[in-house]
Amino acid sequence: MSRHRNMRAMLNDIDDAYDDYDQEEGSDYEDGNVDSSYLYNRKESGAEIPLGLGPLPPPSPSLTTSISVSTGLSKLGKNISVGSRVTAQYTADGQWYPAVVTALIPLGDGHNLYRVIYEGYGNEEDLTLEQIRLKKDVNTEEEKYVNNASNSKPKSKKGKKTVKINTKASVTKSRSVPYQLGTPKDRKQTEGKKDKKQKETKKPKISRQPSEKQERRRREFVEARVGDTSTKSKISLVVVGHVDAGKSTLMGHMLYLLGKVNERTMRKYEKEATHIGKKSFKYAWVLDGHEEERKLGITVDVGVSHFLTSERSVTLLDTPGHKDFVPNMISGASRADAAILVVPAKTGEFEASFKRGGQTKEHATLVRSLGVKNIIIAVNKMDLVDWDSKRFHVIRQNVTSYLRGLGYKSKQIQAVPVSGLGGENLIDCKVNKLKTWYTGPTLSAAIDMIPPKALEGRDAPFSMVVTDVYKGIGGTTVAGKILTGAVIPKDRVLVLPLNEVITVKSITSQEEVLKVGIMGDSVELIVKDFEDAKLLTVGQLLCTPHLPLPFTKEFTAKLLTLTPKIPLLTGQNIVVYALGTGTTGYIKELSAEIDKKTGQAIKRRPRCIPQNSAGEVVICLSQPVCLENFKKQPTIGRVSIRRGAETVAFGIVTETIRTVLKMP
């Protein structure tokens, strides 16, 4: 009976919060517009797999494993209810995967539909009773399902694929597999206890303290690298924007004009695209190399390529624009130093991409929340509006105003009119109609005008986020972006949250062997001294062994809300994105609503935080995540908050409760 009373009290608090929110002036949240089902399960439906298009990869591959998205709502009983741990039949391929029931939807005939969220992937769908099975023993089976989630995932792209363009260039697709905290049961337990002789011959632990000689070599390499003016400044550039804005076509054509794609390969793409009736996709196929992407005509994974301009050595990150793959876009944008926001100039397309529900604003907000400080607005498809100057200026004014509202300064924003399919104003400008009114830089020149990355953190302890793991010729290779510090061959680094120490054999970047990798570099590390390389996964972190990065399961953050359908409420289920990886959690407490300009609290313990407001909230996570106070470590002090299929808020971490990770 007490559990039912607590549930009723919780629902009454939520009703009061909605009543309080409805009374605010200018609120779009009027009586009668509230979905009653939300009041009971407080969980919006996420991005569902579209049927009829064939099997797709998981829509949220960067989402980490969810231990329980409905903790406290109900306990496992004889019948299936909200919060029950089940195995559900995935409609895209008919296979069974671990899931959690988040809502019951009555059909009116005595039967229910069961809304489930797949653990490890984040997508939701509504299933019938025949499509779900109740777990018999949650306590004994939970670890088995969680640790085997990656082995039983729906069919998707395998590992890291390389599309050979020529001997000097290639486009790669990063495998997006969520990391799982903890490891499978120790082999000692599964294989039985080892005798004393085996324990005595156990491999000695590697020292975590670097030697003085190694530290001296590191300082020498860093000083030589910083003082070398003969090499071009490196920059990571992410391409974002609404679906069908022409991102892949734009950058694919630019790679072709820069000589990164030879004529023979281009003719092959044109022939294959024409064969399936999509001739205009030939340049997009330079970056979209997977069969699913070419068949559907949309980008799914993050495409990685490299090219040189007159002033910069660029690592290009082509991200998906479809709303179902926003987690992949976040994974790519988290590695970037600057961004190209592609918006279509065609009448109707820009308006659709910029209004509520379009991805232009959401992508701009996400790159800002991830710390990207410089952005280029590429107004694409200008040839379809006959290079109209008025159309260009209207689009530039609208997008620039929104970016200024996010905190960008005028000197951090550039706008360039281009044609991705025609290749105009990418490397040079040949269109007379454009020359009559535009005197600004080409897209290539605009990239050169981006300030070189700051290196203030090169003397800090080494840290790096893992974005890809694969087996190469030299051994196990770990790819990622260096957040702080520097790394050299023979360095020993700590893998978190596994707490394993490994050794760096060699470092490469853009197919070039490096003596040292410094802050901001996108590098590939060939590593050794790892007992089980299969445990290395995307989303893990590498750092200096004697100075491990902090992890937490509860933190306080100052957030700016966007335009969510539902205001922020205590107890809401959310997904927190940090360092490109999502983790499920819930809002534990709304500490205060604060003034956006002054930062001062205007209301303590509010019932809700409405849209376009600021607030201080306490968030609890399902598993430890690497976060720290923004003032202490800005690189790991930013978060983005998503709920369902929308980004609801972003902000900075102000306080954490540190979680001690278990030693292996």
Side-chain angles (χ1 to χ4, degrees), residues 60 62-72 100 119-122 142-143 145-147 149-150 177-186 208 327 330-331 334 461-467 469 478 480 483-484 493-502 535-557 573-589 617-630 632-642 651-664:
S60 301
S62 298
L63 186 63
T64 55
T65 304
S66 170
I67 301 301
S68 175
V69 297
S70 303
T71 303
V100 177
E119 297 183 340
Y121 304 105
E142 176 176 338
E143 184 177 355
Y145 278 110
V146 170
N147 289 327
S150 62
V177 180
Y179 76 81
Q180 298 176 7
L181 278 176
T183 62
K185 292 185 178 180
D186 192 20
R208 299 192 173 205
I330 295 174
S331 176
S334 65
F462 168 72
S463 62
M464 168 179 150
V465 59
V466 177
T467 58
V469 180
V478 178
L483 303 176
T484 57
V493 296
L494 178 66
V495 183
L496 294 175
L498 297 180
N499 262 325
E500 290 278 354
V501 178
I502 60 178
L535 299 180
L536 281 171
T537 56
V538 173
Q540 293 174 343
L541 291 125
L542 307 182
C543 65
T544 304
H546 65 287
L547 295 171
L549 293 170
F551 275 69
T552 184
K553 289 185 69 175
E554 182 176 330
F555 66 94
T556 303
N573 294 317
I574 57 175
V575 180
V576 179
Y577 283 87
L579 296 176
T581 304
T583 305
T584 54
Y586 67 93
I587 298 176
K588 181 180 179 181
E589 179 185 330
V617 302
V618 179
I619 296 174
C620 289
L621 302 171
S622 61
Q623 60 184 9
V625 171
C626 180
L627 288 173
E628 181 57 287
N629 188 314
F630 179 80
K632 294 181 179 179
Q633 290 183 276
T635 54
I636 56 174
R638 296 184 177 92
V639 293
S640 301
I641 310 297
R642 283 178 60 81
I652 60 174
V653 177
T654 58
E655 185 180 353
T656 63
I657 298 178
R658 189 157 183 171
T659 299
V660 179
L661 300 176
K662 295 182 180 180
M663 301 296 290

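Between Lys553 and Ser622, the closest side-chain pair of non-hydrogen atoms is not below 4.5 Å. You'll find the side chain of Val653 stays beyond 4.5 Å of the side chain of Thr556, heavy atoms only. Residues Phe551 and Leu496 form a side-chain contact, since some pair of their non-hydrogen atoms from C-beta on lies under 4.5 Å apart. Contact annotation: the side chain of Val575 never approaches that of Thr583 to less than 4.5 Å [non-hydrogen atoms, C-beta and beyond]. In this structure the side chain of Thr552 never reaches within 4.5 angstrom of the side chain of Val625, judged on heavy atoms. By the 4.5 Å heavy-atom criterion applied to side chains, Val576 and Phe555 are counted as neighbours.
With values rounded to the nearest 0.5 angstrom, Gln633 atom CD is found 7.0 Å from Thr484 atom OG1. Taken to the nearest 0.5 Å, the OH atom of Tyr577 stands 11.5 Å off from the OG atom of Ser334. Taking CD1 of Ile636 as the start and CZ of Phe630 as the end, the distance is 11.5 Å to the nearest 0.5 Å. Rounding to the nearest 0.5 angstrom, the gap separating the OG1 atom in Thr467 from the CG atom in Leu579 is 11.5 Å. Interatomic distance, CG of Leu494 versus CG of Leu542, reported as 8.5 Å (0.5 Å rounding).
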With side-chain contact (heavy atoms from CB on, under 4.5 Å) as the test, would you mind laying out the steps for Thr537 and Val469 before giving the verdict? CA-CA 6 Å; Thr537 56; Val469 180; 5.7 Å; no

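The list of salt bridge (Lys or Arg N to Asp or Glu O under 4.0 Å) pairs with a residue in residues 580-589, not counting sequence neighbours, reads Glu554-Lys588, Glu589-Arg605.
For Ser640, the side chain to side chain donor-acceptor pair (under 3.5 Å) test picks out Ser369, with sequence neighbours left out.
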